[in-house]
Asker: 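Quick one: the structure is below, questions incoming.
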Number of protein chains: 2
Amino acid sequence: MTATLETLAQQLREHGHKLTQPRCAVLHALLSTAKPLSPAEIQALGQGFCADLGLVTVYRTLELMEEIELVRPVHLADGCHGYVLATPGHTHHVICERCHAVIEISGCGMGDFLNFVAERTGYRITGHWLEISGLCADCQHIP
Amino acid sequence: MTATLETLAQQLREHGHKLTQPRCAVLHALLSTAKPLSPAEIQALGQGFCADLGLVTVYRTLELMEEIELVRPVHLADGCHGYVLATPGHTHHVICERCHAVIEISGCGMGDFLNFVAERTGYRITGHWLEISGLCADCQHIP
DNA sequence: ATCCTAATTGAAAAGACTTTTCAATTAGGA
DNA sequence: TCCTAATTGAAAAGTCTTTTCAATTAGGAT
Ligand SMILES: [Mn+2]
Ligand SMILES: [Mn+2]
Ligand SMILES: [Zn+2]
Ligand SMILES: [Zn+2]
């Protein structure tokens with residue numbers, strides 16, 4: 001099931017939040033691309049839908065949407081991060097290092113490795129953060 | 001082989017850098033704990049060895065040491081990060097979410113998972129970033 | 001041991017990004 | 001349509017990092 005403005009808006013309402021023009025503009029921006037967007041980029045794109053969308057509102061909206069798992073922060077190679085629409089639950093992202101296209105991987109294939117780490121270190125493992133970088137199918141053909 | 005001030009200093013020299021008092025102070029600070037330290041924390045600890053160690057110098061020194069793989073940034077849960085001494089090569093870290101103690105895992109047990117991701121997505125995988133969080137052996141006993 | 005010079009330093013300023021404050025506006029139920 | 005709490009944008013404040021630049025320092029050459 002692909003996210004649409006309607007499904008996303010519905011999730012906002014289900015969590016008791018108002019569906020405002022600025023919030024719609026943020027959703028429009030995120031829906032317009034599969035790449036992570038910075039708050040400033042979201043503002044710029046969002047102003048096509050809500051002309052005076054403020055950067056402060058973008059920050060507040062992203063914080064809100066992150067809480068209800070509508071968006072997820074993505075750490076890029078240089079450490080700073082952008083935001084992408086997310087499906088709920090535990091996922092990982094593969095990011096093209098050339099064009100920044102993101103594909104979400106649902107599920108987690110790291111169980112065995114984490115068990116090994118637990119035995120090796122004596123830690124009780126409670127979570128992990130994984131970002132995978134590579135070249136997308138398109139970018140492999142563009143040297 | 002555990003890192004000492006002498007081995008670390010030697011590595012700086014081998015890369016053609018001067019061994020200055022401020023740089024020694026940063027190494028002292030990093031050697032004094034197994035937890036990730038922020039630039040400000042490194043400055044505070046380092047001033048025990050070099051009284052007027054400046055924060056700007058800490059930033060410059062960390063950048064330098066990161067280039068020669070003497071230190072590594074560690075992303076904490078809240079996104080900001082600290083630095084720890086690192087062994088060269090590909091490693092991962094396990095961080096205690098209560099006391100922040102870090103253990104380094106050398107090697108990488110994710111080959112199979114990354115192959116799966118490559119097949120699933122069509123991406124050519126070139127790198128990954130993984131941080132594991134948990135409770136260290138000590139902290140498991142302290143509710 | 002002393003000199004010399006490029007590397008390095010700290011303070012101050014600038015810059016980038018994020019959060020707080022607050023009066024005005026708005027969504028959506030009554 | 002009215003009402004009110006939620007939400008908004010602008011401005012200010014705050015945090016963290018980088019740049020600039022004159023002064024200092026490490027370490028090789030004498
Ligand atoms: Mn996982
Ligand atoms: Mn690995
Ligand atoms: Zn690409
Ligand atoms: Zn612990």
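Here the structure is a predicted model, which is why all the values come from computation and not from measurement. Residue numbers begin at 1 in each chain, while the letters A, B, ... track the order of the sequences.
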Asker: Counting C-beta onward and ignoring hydrogens, is there a side-chain heavy-atom pair between A:H75 and B:H75 closer than 4.5 Å?
Answerer: yes
Asker: What side chain to side chain donor-acceptor pair (under 3.5 Å) pairs are there with at least one residue in residues 23-36 of chain A, not counting sequence neighbours?
Answerer: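 Those involving residues 23-36 of chain A do not exist here.
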Asker: Using the rule side-chain contact (heavy atoms from CB on, under 4.5 Å), only one of B:L37, B:L70, B:I42 pairs with B:L62; which is it?
Answerer: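 By the side-chain contact (heavy atoms from CB on, under 4.5 Å) criterion, B:L62 pairs with just one of B:L37, B:L70, B:I42: B:I42.
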Asker: List the steps and the verdict of side chain to side chain contact (heavy atoms under 4.5 Å, CB included) for A:M110 and B:M110.
Answerer: CA-CA 7 Å; A:M110 312 216 315; B:M110 311 216 314; 3.4 Å; yes
Asker: Toward the 5' end of DNA chain D, which comes first, B:L19 or B:L55, by nearest nucleotide?
Answerer: B:L55
Asker: Would you say A:L5 ends up clustered with A:M65 if hydrophobic residues are merged whenever their side chains have heavy atoms under 4.5 Å apart, either directly or through other cluster members?
Answerer: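 Yes, one cluster joins them.
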Asker: Between B:H90 and B:H128, is the ring centre distance below 6.0 Å?
Answerer: yes
Asker: Contacts to DNA chain D from residues 27-45 of chain A, heavy-atom cutoff under 4.0 Å, which residues?
Answerer: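 Nothing qualifies; none.
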Asker: Give me, pair by pair, the N or O atoms of the protein and of nucleotides 6-9 of chain C that are less than 3.5 Å apart, along with how far apart they are.
Answerer:
| unit_1 | atom_1 | unit_2 | atom_2 | d |
| --- | --- | --- | --- | --- |
| C:dT8 | OP1 | B:K18 | N | 3.2 |
| C:dT8 | OP1 | B:R23 | NH1 | 2.9 |
| C:dT8 | OP1 | B:R23 | NH2 | 3.3 |
| C:dT8 | O5' | B:R23 | NH2 | 3.3 |
| C:dT9 | OP1 | B:T20 | OG1 | 2.6 |

Asker: Classify the angle between the aromatic ring planes of B:F116 and B:F113 as parallel (below 30°), tilted (30 to 60°) or perpendicular (above 60°).
Answerer: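 Plane angle under 30°, so parallel.
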Asker: Other than A:W129, which residues form its hydrophobic cluster under the rule that side-chain heavy atoms must be closer than 4.5 Å?
Answerer: B:W129
Asker: How does DNA chain D read in dot-bracket, base by base from 5' to 3', with Watson-Crick or G-U pairs under 3.5 Å and | used when the partner is on another strand?
Answerer: ||||||||||||||||||||||||||||||
Asker: Is B:L31 reachable from B:L53 through a run of hydrophobic residues whose side-chain heavy atoms are each under 4.5 Å from the next?
Answerer: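 Shared cluster, yes.
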Asker: Rounded off to whole Å, could you give me the CG-to-C1' distance for the A:L62 and C:dC17 pair?
Answerer: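 Distance check: A:L62 CG to C:dC17 C1' gives 14 Å.
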Asker: Taking only distance into account, with no hydrogens and no angle test, what donor-acceptor pairs under 3.5 Å do side-chain atoms of residues 134-143 of chain A form with protein atoms, sequence neighbours excluded?
Answerer:
| unit_1 | atom_1 | unit_2 | atom_2 | d |
| --- | --- | --- | --- | --- |
| A:Q140 | NE2 | A:L135 | O | 3.1 |
| A:Q140 | NE2 | B:G122 | O | 2.8 |
| A:H141 | ND1 | A:A137 | O | 3.3 |

